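Notes follow once the structure below has been shown.
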Amino acid sequence: MSAAPAADAAPAPGRLGAWSASHRWRQWIAATGLGGGAFILLLFPLGCFLLLAFSPRLFHQGTQWLSLSSFSGAFTSSALQGLMNTGLVGVGAALLAVGIALPMTWALLRTSLAGRRVFTVLTWTLLLLPTFLAASGLEVVAQQNGPLSWLVGHDPSGLRRVVMGPVGVVWVLACRGVPFAYLALAGSIRSLGGEYEEAARVHGARPWVAVRIRFWLLAPAILAALAIVFAESISDFGVASTLAANAQFPLATYTVYSSVSTLPVDFGTASAESWLLLAMVALAVLGQQRASRGRTFAVISGRTRFEARRALRPATQIVGALGVAVFFAVSVGIPVLGIVATSMTPPLGTGGGLTFANYARVLHDPTLVGPIRFSVQIALLCASFAMLLGTGAAWFVSRKGASRVRAGLDTAMLAAIGLPSIVVASGFLFAYNLPFLGHLGIQIYGTNIVLAMGYLAGFTPIVARLMAGPLAQVSDNLRQAARVHGAGALRSWRRVVVPMLAPSLLSAWLFVFSAVVFELPLSDVLHPAGTEPLAVAITKQMRFDTAGGTAETVLAALVILVIVGICLGLYRMTAPAGWRRSDHAGADRPPSGRKWSQSRYRRRMPAEGALQ
Amino acid sequence: MAITGLSVGLAASGSSATAASPASEAASTKVPLVVYAAEGYDSAMTAAFQKATGIPTTLYDDHTGIVIAKIEAERSNPQWGLVWLDGDQALYTMNQQGQLLRGWQPTASYTTQGQAFVPADHSYLPTGFTVAGAIFYNSNQVSAPPRTWQDLLSSRFSGKVGILNPAIDGPAYPVYAGMMQQLGGVSQGQRFITQMKANGAQLFTDPHVELAALENGQINVMIAQSAYGIGAAEKSPNIKGVYPRYVTPVPSVIGIDRKVSAAEQAEAKKFVAFVLSPAGQQVMKSGDPTGDSLYWPVLNGEVSRPQLPPLASTPIKALSPSVWGPREQTVNSWFSANIAL
C-alpha cells in the first residue's frame with residue numbers, strides 16, 4: 001500500500017519556534033485530556049475490577065490479599081467452552097457481517113440501486129433492533145405453533161433445529177453487525193475518490209485491478225469494521241441470554257453474568273473470566289495492528305475527486321435490489337414478525353385472535369412516560385459527549401508518529417468494546433464506591449452521573465472505532481493547508497475536517513443515542529435508587545407480561561425511529577451543502593465503464609469551498 | 001449551557017428520592033431510607049410507607065441476582081439501609097458475613113410456619129412465603145396431570161416438561177435443593193434431574209419464556225414459582241397447578257444493614273414494622289396482584305388472596321438455609337456443566 005501525499009505544511013521560518021512550542025503544548029493538552037478521560041472512564045473502573053481476580057480482599061470479596069484462586073472458576077470446562085464458543089461466534093459474525101455490509105454499503109452509497117433510501121432506513125432499523133428482541137423474535141417465528149407454522153401449515157422443526165444453535169447465534173449477531181460495519185465503512189466509501197483507480201486504468205490496468213485497488217483503499221475501514229463487529233459480538237448479552245442460553249450454547253458473557261448475578265455471587269470468577277475475554281480481544285487488536293502496520297491510508301487530500309453514483313444496468317439493478325431486499329426481509333422482517341406477533345398476542349385468558357389491546361394498555365400506563373423521558377434525556381447527553389470524546393480519541397490515535405500513549409489508548413478502547421457491559425458496570429460499582437473517594441469529597445456513586453459515565457465508557461470506544469476508518473483517510477495536509485492560509489486550530493477543524501466527517505459523525509451520534517435508550521446491563525446495575533431507565537422498565541414489564549413488555553418495546557423503538565428521522569431530516573435541510581457530500585452524487589454515472597473518468601461527473605471537494 | 005443544565009438535572013434526579021419528601025419540618029430532619037428490594041410490591045410499599053410516616057424512602061428494585069450483586073459489590077461502602085427479597089439463603093449468607101443487624105424483634109405475631117423462618121439471632125425476618133416450584137400444566141393438552149415429582153419421568157411427558165436454570169432464575173435453586181433433600185441427598189437429586197433431562201425436559205432461562213412455551217404447546221407441563229404460575233392461571237383458565245409432595249417454601253425476607261447510621265436503622269425498623277402491620281400486609285396483597293402478592297402470610301390474623309390453595313392442603317417442607325445455602329454454588333455449577341450443556 002503506497003502512502004498518500006501527507007506532507008506537513010511548514011510555518012513561516014520566523015514563526016517556527018513559536019509554532020513548534022504551541023504545537024507541542026496542544027499535543028500535550030490533547031494527550032492529557034484524552035488520557036484523563038480514558039483513565040476515568042476505562043482504566044480506573046476496569047482496572048479495579050480486573051485487580052479483583054488477584055486481590056479479592058482489596059475489595060472486601062474474600063480473605064486473601066493475593067491469590068489466583070479466582071482463576072480456578074474461570075478454567076472450568078463450561079467456562080472454557082463458553083469462551084471458545086464466543087471466539088468462534090465472534091469471528092463468524094464479523095466475517096459474515098462485513099461480507100454482507102461491504103457490497104451492500106457500496107451499492108447503497110455509490111450506485112443508483114433502486115430503493116436505496118428504504119434500505120438505508122432498514123439499516124437503521126436493524127441497528128435499533130436490540131439483539132435480545134431479534135433473537136427472541138427469531139425463536140418465536142421458528143417455534144411450534146408460531147407465526148411460521150401458521151404460514152406454512154406445519155411445524156418448522158428443521159428450521160428450529162438450525163436456529164436454536166450456533167448458526168442462529170452467528171446469524172443474529174452478524175445481522176446486528178451489518179449496520180456497525182455499514183457505519184464503519186460508509187464514511188470511507190462515500191469519500192473514496194477515483195483518482196487512484198483512474199491512474200491504474202491510465203496505466204493499462206484491467207477492471208479487476210481497479211476493484212482490487214478500491215478494496216485496498218478501503219482496508220482501514222474494513223479492518224475497523226471487522227474489529228468492531230468482532231468486539232461487539234463477543235460482548236453481546238442479548239443473544240447470549242436468550243437464544244444461546246435457550247439453545248444451551250454457552251457464551252462467555254452468559255457465564256460472566258451468571259457469576260455476578262446468581263447466588264452465591266462470585267465477582268472473583270467474573271473478574272478472572274474477564275481477563276480471558278480481554279486476552280481474546282487483545283489477539284484481535286494485535287491482528288488488526290499487524291495488518292495495518294507501517295501503512296498509511298490517508299487518501300483524502302486536496303486533490304481528491306469525489307465520484308458520482310454509478311447507474312446500474314437493469315439486470316444488475318434487479319439482482320442487487322433483490323439481494324438487499326432478501327437480506328432485510330430475513331434480518332429485519334422475520335424478527336419483527338415474531339416481535340409484533342408476540343406484542344399482539346391476546347392477554348392470557350382473553351382468547352381470540354391478534355389484538356392491539358397490549359398497546360392500548362401500555363399507552364394508558366403513566367409509569368412508562370418517566371423511563372422514556374429519562375432515557376431520551378440521558379441518551380442525548382451521552383451521545384453528544386461520546387461523539388466528542390470518541391472522535392477526539394480516534395483523531396489522536398490515527399495521527400502519525402506511533403507512541404505508547406496512542407497505542408495504549410487504541411488497545412484500551414477496543415478492549416472496552418470486547419468486554420461485556422456487565423463487566424464495565426461491575427467495574428464502576430467497585431471503583432466509584434471506594435471509601436477513599438468519599439474522603440476526597442468525590443461522592444458521585446449512586447447518582448446518574450455514574451450511570452452516564454458507564455454509558456460513556458461503553459459507547460465512546462465504539463464511536464472511536466466507527467470514526468477510525470473515516471479519520472484514517474483524512475490527510476492532515478488539508479488541515480495544515482488551512483492553517484497556512486491563516487485559519488486557527490479550531491477553525492481549521494470546523495471548516496475542513498468536520499465537513500468531511502459530518503455524515504459519519506451524525507451516524508455515530510444517532511447510533512449512540514438509540515443504543516443508550518435500549519442498553520440493559522449498565523442500566524440494570526448502575527441506575528440510582530429511585531430512577532428507572534427504559535430498558536429496566538421494559539425488562540420488569542416482561543417478567544410477568546411478555547406481550548405488554550414487547551408492545552412497550554415496539555412503541556419505544558418507534559419513538560426512537562421518529563427522533564432519528566427528525567434528526568436526519570434536519571440535517572438534510574439545514575446542513576451546509578458541503579457537509580452532505582453523499583447527497584450531491586445525484587447525477588448518476590453512465591453504465592459504461594469506458595466513460596468512468598469523465599470529469600463532468602467529478603465533484604469538488606467540500607473543503608475547497610470551505611476555505612474560500 | 002443546555003447540556004450543563006441537563007447534566008445538573010440528571011445528577012439531581014439521581015440523588016433525590018423517588019418522590020418528593022413532605023415539606024414539613026419533621027420530614028426535613030429525617031435521613032433518606034434506601035431500600036434494595038426484589039419484590040413485585042416493593043414500589044407500592046415504599047410509597048405507602050413514605051406517605052404514612054413522612055420518611056423519604058428511595059427504592060432500588062431489580063431481580064434478586066442483581067440486587068445481591070450490588071450489595072456484594074458495595075461491601076466496602078454499603079449504600080443500602082434495608083434489603084428485601086425472596087429466599088433466606090441469601091440473607092443467611094449476608095448475616096454470616098456480618099452485614100445484617102442482629103437481635104431486633106418487632107412486635108409481630110408470627111404463625112408457626114412464620115416462626116420457623118425466623119433465625120435465632122433475628123438477623124432477618126420473614127414477611128410472607130411462596131412455593132419455589134410447583135407443577136403447572138396446560139389442561140387443553142393434559143387430561144391426566146402429574147401428581148408426583150416421579151410422574152415427570154413418565155413417557156407421557158417425554159419432551160414436554162419445562163424446567164428452569166438455577167444459574168439464571170433465582171427461585172429454581174430451592175426447587176432442586178428441595179428435591180435433593182427429600183430424595184436423600186445431593187447425588188440422589190442429581191440423578192433425578194439427570195433422568196428428567198434424559199426424558200427430554202426442556203430448559204428455559206426465564207419463567208415467561210417457559211410460560212409462552214406452555215401456552216403454545218411446545219411443552220405441556222412446567223415447574224415454576226407458585227406466585228408466577230397462579231398469576232398465569234388466573235389469566236388463563238387452561239393453566240392449572242399441582243403441588244406434589246413435597247414442595248419447597250421460599251420466604252420473602254427483610255434485613256437491616258448493620259453499618260448504616262443509627263438514624264437510618266431506626267427508620268428501617270419502622271419500615272419493617274410497617275410491612276408487618278395490617279396496613280403493610282394489605283399493601284403486599286394488593287401491590288402486585290398477579291405476581292408476588294400471591295403469597296401465604298406468616299402473621300396470625302392475615303389471610304392469603306383467594307386464588308391461593310389453603311396452606312393446610314399444600315405439602316410444604318422447608319430447607320435449612322444453613323445446610324442448603326452453602327451448597328448453592330456447587331449445585332449450580334453441576335447443573336451448568338451437566339444439564340445446561
Side-chain angles (χ1 to χ4, degrees), chain A residues 59-61 76-78 81 136 140 143-146 241-242 245-246 248 250 255 258 260-267 342 347-350 374 377-378 380-381 384 426 429-430 433-435 438 444-452 524-525 527-532 536 540 542-544 546, chain B residues 3 6-7 10-11 13-18 34-36 40 58-60 62 65-66 68-70 72-77 79 87 89-90 93 165-168 170 173 203-205 208-209 211-213 215-218 228 231-232 234-237 290-291 328-329 332-333 336-337 340-341:
Chain A
F59 301 94
H60 292 74
Q61 297 298 308
T76 59
S77 60
S78 58
Q81 180 71 48
S136 302
V140 169
Q143 75 187 9
Q144 194 176 349
N145 298 330
S241 62
T242 53
N246 290 334
Q248 296 170 37
T255 51
S258 297
V260 303
S261 65
T262 56
L263 296 174
V265 174
D266 188 355
F267 281 105
T342 304
L348 278 175
T350 59
F374 170 77
Q377 270 190 338
I378 202 166
L380 286 170
L381 189 73
S384 304
S426 302
L429 268 186
F430 280 101
N433 191 38
L434 285 172
I444 56 173
Y445 182 81
T447 71
N448 285 322
I449 292 174
V450 165
L451 176 62
D524 214 9
V525 175
H527 78 83
T531 303
E532 201 165 71
V536 176
K540 285 182 184 173
M542 287 266 197
R543 281 188 216 160
F544 284 92
T546 307
Chain B
I3 288 175
L6 183 56
S7 67
L10 287 167
S13 71
S15 57
S16 65
T18 313
V34 181
V35 176
Y36 281 18
T58 309
L59 172 67
Y60 178 89
D62 216 305
I66 290 293
I68 294 293
K70 198 169 167 72
E72 278 293 306
E74 290 174 352
R75 276 178 66 185
S76 62
N77 189 16
Q79 301 289 319
Q89 282 100 354
T93 306
N165 188 339
I168 299 173
Y173 169 70
L203 186 65
F204 295 91
T205 52
H208 69 261
V209 179
L211 178 62
E215 281 282 304
N216 68 34
Q218 184 182 335
Y228 191 83
E234 191 179 0
K235 299 172 191 166
S236 184
T290 56
E328 183 162 9
Q329 189 170 27
N332 286 356
S333 300
S336 296
L341 275 179

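Quantities reported herein were computed from a predicted structural model and do not represent experimental measurements. So you know, we letter chains A, B, ... as the sequences are listed, proteins then strands, and number each from 1.
Put simply, CG on Leu429(A) and CD on Glu72(B) are 11.5 Å apart, with the number rounded to the nearest 0.5 Å.
Minimum interatomic distance between Gly530(A) and Thr58(B) (heavy atoms only, all atoms of both residues): N-CG2, 3.8 Å. Taking all atoms of both residues into account, the shortest heavy-atom contact from Ile66(B) to Val525(A) is CD1-CG2, 4.1 Å. Across all non-hydrogen atoms, the minimal contact from Ser76(B) to Pro435(A) is O-CG, 3.4 Å.
Partners of Tyr60(B) according to the ring-ring contact (aromatic ring centres under 6.0 Å, His included) rule, which considers only residues two or more places apart in sequence or in another chain, are His527(A), Tyr36(B).
For Gln79(B), the part sitting under 4.5 Å from any heavy atom of chain A is the side chain, from C-beta outward, and nothing else.
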